[in-house]
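Down below is the structure, laid out as structure tokens.
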Amino acid sequence: MHRLPAEPNRSAKGTKAKHLVRALKDIVIAWDVAVEQFDHSKMSKLVGDLYGALDNLDKVHPHSRGHF
């Protein structure tokens, strides 16, 4: 079995990430705030990117658009 070489500084990055996760573990985001943020900023960008990438998406039946 051929293994790819490990990414440089992988161990150090992992250790740094673990410390960061521990430092942020007390942060709590209310579900309604998270959903609103996703619906109003993230989702609109994703839909815009999708329409920009697929020229004829507006011609697809609305029920089928959910598959994209």
Side-chain angles (χ1 to χ4, degrees):
M1 180 166 130
H2 180 67
R3 298 191 92 144
L4 296 175
E7 179 182 333
N9 299 321
R10 184 176 185 178
S11 179
K13 289 177 183 178
T15 301
K16 186 176 178 181
K18 286 179 185 178
H19 290 295
L20 179 61
V21 168
R22 287 186 190 118
L24 301 175
K25 71 179 181 179
D26 63 330
I27 295 175
V28 177
I29 300 172
W31 186 253
D32 58 332
V33 173
V35 169
E36 183 177 346
Q37 176 69 21
F38 178 80
D39 286 347
H40 289 96
S41 61
K42 188 68 173 178
M43 189 60 166
S44 60
K45 182 187 178 328
L46 292 172
V47 170
D49 290 348
L50 186 61
Y51 272 89
L54 302 173
D55 294 334
N56 295 323
L57 186 60
D58 58 325
K59 296 180 177 137
V60 174
H61 190 277
H63 293 162
S64 298
R65 291 183 203 152
H67 295 284
F68 297 104

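Residues: numbered from 1 along the sequence shown.
- Here Leu20 pairs with Leu24 under the side-chain contact (heavy atoms from CB on, under 4.5 Å) rule; sequence neighbours left out.
- Evaluated for a side-chain contact (heavy atoms from CB on, under 4.5 Å) with Leu50, the options Val47, Leu46, Leu54 yield exactly one hit, Leu54.
- Considering every non-hydrogen atom in both Asp58 and Tyr51, the closest pair reads N-CE2, 3.8 Å.
- At a threshold of 4.5 Å between side-chain heavy atoms, the hydrophobic network of Ile, Leu, Val, Met, Phe, Trp and Tyr places Val33 and Ile27 in one connected group.
- Evaluation of the salt bridge (charged side-chain N to carboxylate O under 4.0 Å, His left out) rule for Lys45 yields Asp49 as partners, not counting sequence neighbours.
- The distance from the CG atom of Asn9 to the OG1 atom of Thr15 is 11.0 Å, given to the nearest 0.5 Å.
- Taking Lys13 as the reference, Glu7 meet the salt bridge (charged side-chain N to carboxylate O under 4.0 Å, His left out) condition, with sequence neighbours excluded.
- Val35 and Phe38 are assigned to two separate hydrophobic clusters, defined by single-linkage of ILVMFWY side chains at heavy-atom distances under 4.5 Å.
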